[in-house]
Structures are given as structure tokens and as C-alpha cells.
2 protein chains.
Amino acid sequence: MSASHTPEDVHDRCAHCVGRRLSVCSSIDDCDLAILANESSRMTVADGRSFIEEGAPANDFFVVTGGRVKLFTLLPDGRRQITGFAEGGHFLGLAASTSYAFGAEALGGATLCRFPHAGMQRLTERFPTLEHRLREEASRELALMQARMTLLGRKTARERVATFLIERCQHLEKPDLSRPVELDLPMPRTDIADYLGLTIETVSRILSAFKKEKLISIRSITHITLLMPERISTIAEGME
Amino acid sequence: MSASHTPEDVHDRCAHCVGRRLSVCSSIDDCDLAILANESSRMTVADGRSFIEEGAPANDFFVVTGGRVKLFTLLPDGRRQITGFAEGGHFLGLAASTSYAFGAEALGGATLCRFPHAGMQRLTERFPTLEHRLREEASRELALMQARMTLLGRKTARERVATFLIERCQHLEKPDLSRPVELDLPMPRTDIADYLGLTIETVSRILSAFKKEKLISIRSITHITLLMPERISTIAEGME
DNA sequence: CCATCACCTTGACCTGAATCAAGTCTGGTA
DNA sequence: TACCAGACTTGATTCAGGTCAAGGTGATGG
């Protein structure tokens with residue numbers, strides 16, 4: 001799985017990677033990319049395949065370089081909480097001390113870049129700004145989680161679904177809530193439900209209600225248009 | 001508010017602080033304590049007083065040096081989610097990019113050590129292991145939050161209260177679930193409810209039910225004994 | 001072109017926790 | 001010692017969202 005290419009190859013692998021633009025890798029200079037590439041390896045995960053096992057020893061960090069991934073925790077009887085969706089550029093594996101606090105699996109296929117902890121440590125020793133960047137990443141994640149705890153602990157089903165839709169908007173390259181927004185929801189209803197702490201039936205009903213209220217239009221299961229994004233945003237904040 | 005003491009004073013302030021043992025400050029050598037102390041300042045917060053305002057510009061980190069603190073987020077209509085309780089040694093302020101993602105207030109009075117971001121940056125530049133320590137702290141916190149999201153999204157009221165009791169045990173110096181455990185619950189029921197995403201009535205009812213089932217005994221409002229900690233732990237995991 | 005399967009929607013009903021409304025207990029004060 | 005205020009408990013009732021049970025839909029393959 002480890003890199004066995006020429007220096008040009010490995011340099012290029014990082015140079016053209018989304019992680020290079022979006023993720024922690026951006027804190028490394030161009031000239032040092034080969035070092036970065038040598039500490040990491042590419043991997044592909046098929047749809048629905050798991051690549052982080054909750055509770056397993058945490059030996060690697062990952063950067064999502066393509067496709068999508070879902071992160072979750074399980075209760076012994078199978079109840080599942082999806083703690084996040086991750087796509088290109090997202091850094092995974094900070095929520096772990098010795099073992100992973102979450103499981104992860106591909107959502108429609110994903111490519112990842114894997115950094116063994118030992119290699120990451122060599123990198124942070126060599127590039128101290130990387131360590132700072134990791135902390136920033138953790139802080140960003142922590143701030144998101146605060147908001148999600150409020151969603152799960154205190155918001156109504158309607159507010160949760162509205163929040164989810166607005167979150168999806170904000171993942172777009174150019175978020176603009178002042179006009180209709182076309183959204184792609186690549187995850188099945190089950191995943192949306194497990195993300196929001198609801199059942200699929202409730203998610204479905206609320207989307208139908210939004211449709212009836214002309215807040216959204218449902219072009220297909222995965223394709224939704226927010227007709228009044230600002231009203232949805234108001235609902236999401238619990239102000240309606 | 002900044003330190004204006006003799007070097008011995010400031011050295012001593014850090015040398016005898018709980019943060020010295022428990023928090024990120026442990027990554028600094030004894031001989032450098034004066035530097036640490038010079039970048040920080042002590043403050044006292046009275047019961048119920050707020051010292052971090054959600055959404056305010058994040059200018060400081062804090063270490064809880066005494067007493068207790070609660071962290072929370074609010075919805076516009078006043079609904080509150082308590083995202084954590086913090087006590088001696090706990091590091092605060094990582095869940096922020098430019099502004100704080102949470103508010104914080106003292107729970108029965110607290111003393112804090114404040115580190116302005118600029119000072120912390122000087123410290124991390126001088127002591128690179130400190131940056132690593134901050135990341136570890138963030139990772140620990142992230143792992144906790146994963147579990148809390150599962151609690152809020154997927155556990156029943158009974159499971160939530162049981163989880164809360166078990167969490168309290170684990171904050172004890174010597175956690176041992178094999179025999180009865182005496183617990184002190186220094187927070188009012190309102191705070192427990194807002195932490196668990198429930199109402200005070202539900203929390204109260206479930207504690208009463210646990211009492212009737214001889215799982216706990218309630219010596220006073222703040223003083224509870226877990227008679228069968230392992231059964232409570234089983235309930236907490238959703239396995240009963 | 002139809003059958004199948006997986007996923008989604010809709011409806012009817014149920015239930016766990018919220019809400020509303022009394023009590024009760026506690027510690028502080030006079 | 002009695003009073004009071006605030007925090008907690010308990011009971012009655014309601015309701016949001018879950019559960020159970022049919023349908024619908026759309027992609028795939030024969």
C-alpha cells in the first residue's frame with residue numbers, strides 16, 4: 001500500500017490532490033510535497049465499505065480525496081448516530097486517543113489518503129505549522145459539534161430537517177440563500193435520519209410538508225431545490 | 001489583569017495550580033513556569049456569572065483552576081443545550097475559530113486562568129510540545145462529543161440519565177463500578193436536563209424511578225449513591 | 001415490457017417525553 | 001419557631017414523533 005513510485009510521481013500525487021487545496025496538506029510547501037507523499041498512501045473504498053472500525057486501535061489519519069464518507073457511532077443494539085458526512089478535503093481521525101471514537105464508511109465510493117500516526121508525527125516534527133493546522137482542524141470540528149449537539153438535544157424534527165438542508169447549502173462552493181438553491185442529497189433517507197436523530201418516516205414526512213408549503217421542490221429522491229432558502233434558514237434557527 | 005508580581009510569585013502561581021498537573025500546562029518544564037505565568041492571568045467568576053459569550057470574538061483560552069463551569073449553546077428563543085461541565089484542569093476555548101461556538105458560566109463559583117491567544121501563540125512557538133498537547137486536548141474533547149451526540153440523538157431518557165450518572169463516576173479520582181458509589185451532583189436539575197436534552201420533570205421522574213428500583217439512593221438533592229453501578233452502566237449502554 | 005428489489009412515501013395508531021398544574025421539601029431569615 | 005422563596009417532585013393530560021403497515025417509484029435484469 002506504501003508509495004513505491006518515482007519522486008515525480010509522488011510529488012504529483014499530492015500536487016493535484018483536493019487535500020492540497022483544502023486540507024491540512026496546504027501547510028506544506030510545494031518543494032516538500034515528496035516528503036508528504038512518502039508518508040501517505042492512497043486507497044479506494046467501495047460504496048458501503050467500512051474503513052474505520054469504532055473502538056479499533058487508532059493507527060491512521062485520513063484525508064478524503066474523492067467521493068463521500070459517513071462517520072457514525074453505534075449502540076450495542078444497532079441504533080446508529082451519524083456524527084458527520086465528509087467529502088473532498090476533509091481530515092479524519094482526530095476524534096481518537098488510542099482507539100477511534102467513531103466508525104467510517106464510504107457513501108457511494110470514496111478515495112482516501114492514509115497517514116499512519118508515526119508518519120504524521122515525523123511530518124509534524126519537520127513542519128511545525130502542520131501541528132497548528134491540525135489543531136485548527138480540530139477546533140473547526142469542535143465548533144460544528146457544538147451546533148450539532150444543540151440540534152440533537154433541543155431542536156424539533158422540522159427544525160432539524162431545515163438545518164440539514166441549510167448545512168447542505170453551505171457545503172456548496174458559492175453559498176447564497178437569497179435565491180433558490182439546487183441541492184444534491186447523495187445519502188439515503190436512512191442516513192439523513194440517523195444524522196438528525198429521527199426516523200426515515202419523519203424525515204420523509206417533513207420533506208413532503210416543506211414541499212406542500214412550497215418551501216422546496218423535490219425533483220427526484222436525491223435532487224431538491226430550496227425555493228425559499230431564507231425561510232428555511234429561519235425555521236432552522238427555531239425562529240418561526 | 002496581567003501579572004505584575006515578582007518572578008517567585010508568578011512561578012509559584014503555576015507550580016501549585018491544578019492545571020499544572022492536569023492540563024496543557026503540564027507540557028512546560030518547571031524552569032519555564034515564569035514564562036507561562038507571565039502569559040496568563042488569574043480570574044474569579046461568581047456563581048452564575050458568564051465569562052464566555054457565545055458568538056463573541058474568541059480572544060482567550062481558559063484553564064479551570066477551581067470550582068466548576070458549564071458550557072452551553074442557546075437558540076434564539078432561549079432553548080439551551082449544555083454541551084459540557086468543566087472542572088479543575090479542564091482547558092476551554094478550543095471550540096472556536098474567530099468567535100466562540102459556546103457560552104460559559106460559573107457553576108457555584110470558579111477560578112480560571114486566562115491565556116490570551118497572542119500569548120498562547122508565543123508559548124506554542126517557544127514550546128512546540130504545547131501545540132501537540134493542545135491537539136490532544138481537542139481530540140479528547142472530540143471523542144467525548146461523539147458519544148454525547150449518540151446520547152442526544154439515539155438514547156432514551158432512561159439511558160441518558162443512567163449515562164449521566166456513570167459519567168459522573170468516571171470523573172471521580174478512583175472510578176470503581178463494582179461497588180456502591182457516592183456521587184455529588186453540584187448542578188441543579190435544570191442543568192442536568194439541558195445537558196441531557198430532557199426536561200427537569202423527566203430527569204426528576206427517572207431519578208425517582210431508579211430509586212424505587214433500588215438502583216440508587218437519594219440522600220439529598222445533590223448527594224446520590226449508586227447502589228448498583230454496573231446495572232446502571234448496562235442501562236446507560238442501552239442493553240436492558 | 002414486465003418482474004423484482006430496494007428505497008421512499010403515506011396513513012393509522014401508539015407511546016415516551018413534554019406540558020401544565022399542584023404539591024413538597026429545603027435552607028435562609030426574622 | 002414560623003415563614004418564605006426557590007428548587008424539586010409528582011400527577012394528569014397532551015402531543016410530537018415513533019412504530020407498524022400498506023402502497024408507490026424507479027432502476028435493473030430477464
Side-chain angles (χ1 to χ4, degrees), chain A residues 47-48 70 75 77-82 107-108 151-165 183-213 216-224 235 238 240, chain B residues 47-48 70 75 77-82 107-108 151-165 183-213 216-224 235 238 240:
Chain A
D47 185 22
K70 57 190 171 199
L75 289 175
D77 63 0
R79 278 174 285 174
R80 185 179 67 155
Q81 177 64 44
I82 291 191
L107 179 63
L151 177 139
L152 293 171
R154 288 300 181 217
K155 287 191 180 176
T156 65
R158 209 174 140 81
E159 289 161 1
R160 293 181 201 203
V161 174
T163 306
F164 173 73
L165 294 174
L183 279 186
D184 200 56
L185 302 184
M187 65 290 288
R189 298 286 187 263
T190 319
D191 287 353
I192 301 179
D194 283 349
Y195 179 65
L196 298 176
L198 300 170
T199 59
I200 45 172
E201 292 95 331
T202 300
V203 171
S204 187
R205 269 186 257 273
I206 287 173
L207 287 174
S208 299
F210 283 170
K211 180 170 135 191
K212 197 177 299 175
E213 296 170 42
I216 66 174
S217 78
I218 302 179
R219 302 174 47 187
S220 82
I221 278 173
T222 62
H223 214 176
I224 283 182
I235 296 171
E240 98 124 12
Chain B
D47 186 21
K70 58 189 171 197
L75 289 174
D77 63 359
R79 277 174 286 173
R80 185 178 67 154
Q81 177 64 45
I82 291 191
L107 179 63
L151 178 140
L152 293 170
R154 286 301 181 218
K155 287 191 182 179
T156 65
R158 208 175 142 79
E159 289 161 2
R160 294 181 200 203
V161 174
T163 305
F164 173 73
L165 294 174
L183 280 186
D184 200 56
L185 302 183
M187 64 290 286
R189 296 287 187 264
T190 319
D191 288 352
I192 301 179
D194 282 349
Y195 179 65
L196 298 177
L198 301 170
T199 59
I200 47 171
E201 292 96 328
T202 299
V203 171
S204 187
R205 267 187 257 274
I206 286 172
L207 287 174
S208 299
F210 282 171
K211 182 170 133 192
K212 198 177 297 178
E213 297 171 41
I216 65 174
S217 77
I218 302 177
R219 302 173 46 185
S220 81
I221 278 173
T222 61
H223 214 174
I224 283 183
I235 296 170
E240 97 124 11

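We name chains A, B, ... by the order of the sequence lines, and we start the count at 1 in each one.
- Comparing B/Ile221 and A/Thr190 along DNA chain C, the residue whose closest nucleotide (by nearest heavy atom) sits nearer the 5' end is A/Thr190.
- Picking from C/dT19, C/dT10, C/dA17 the nucleotide with the shortest atom distance to the side chain of B/Arg205 gives C/dT19.
- When each of B/Thr222, B/Leu107, B/Asp194 is tested with B/Pro188 by the rule side chain to side chain contact (heavy atoms under 4.5 Å, CB included), just one qualifies, namely B/Leu107.
- What separates CD1 of B/Ile192 from C1' of D/dT9 is a distance of 14 Å, to the nearest Å.
- Atoms CZ (B/Arg189) and P (C/dA18) sit 16 Å apart, rounded to a whole Å.
- The separation between B/Met187 atom CE and D/dC8 atom C1' is 16 Å, rounded to whole Å.
- Phosphate proximity of C/dT9 to A/Ser208: absent, as no side-chain N or O sits under 4.0 Å from OP1 or OP2.
- The only option from A/Leu151, A/Ile82, A/Ile206, A/Asp191 that meets the side chain to side chain contact (heavy atoms under 4.5 Å, CB included) definition with A/Leu196 turns out to be A/Leu151.
- Contact of the A/Arg158 side chain with the A/Phe210 side chain is registered, since non-hydrogen atoms from C-beta on lie closer than 4.5 Å.
- Checking A/Thr202 against B/Ile200, the closest nucleotide of DNA chain D that is more toward the 5' end is the one next to B/Ile200.
- Across all strands shown, B/Ser204 has heavy atoms under 4.0 Å from base atoms, whether or not it also approaches the sugar-phosphate.
- At whole-Å resolution of the value, CG in B/Leu152 and P in C/dA17 are 13 Å apart.
- Residue A/Glu201 has its side chain nearest to D/dA21 when only D/dA21, D/dT10, C/dC8 are considered.
- Candidate nucleotides C/dC8, D/dC8, D/dT19 were compared by shortest atom distance to the side chain of B/Pro188, and D/dC8 ranks first.
- One can place CZ of A/Arg160 at 14 Å from P of D/dA16, the figure rounded to the nearest angstrom.
- Within the structure, every side-chain polar atom (N or O) of A/Thr199 is placed at least 4.0 Å from both OP1 and OP2 of D/dG17.
- The distance between atom NZ of B/Lys212 and atom C1' of D/dT10, rounded to the nearest whole Å, is 10 Å.
- One atom, CD1 of B/Ile218, and another, P of C/dT24, lie 18 Å apart when rounded to the nearest Å.
- Between atom CG of residue B/Leu165 and atom CD1 of residue B/Ile192 there is a gap of 8.0 Å, rounded to the nearest 0.5 Å.
- Across all strands, B/Leu198 comes closer than 4.0 Å only to sugar-phosphate atoms, never to a base (heavy-atom distances).
- The two residues B/Arg79 and A/Lys155 have their closest heavy-atom pair at NH1-CA, 3.9 Å.
- When the P atom of D/dG17 is taken as reference, atom CG of A/Leu196 falls 12 Å away, rounded to whole Å.
- Across all strands shown, B/Thr156 has heavy atoms under 4.0 Å from sugar-phosphate atoms exclusively, and none from any base.
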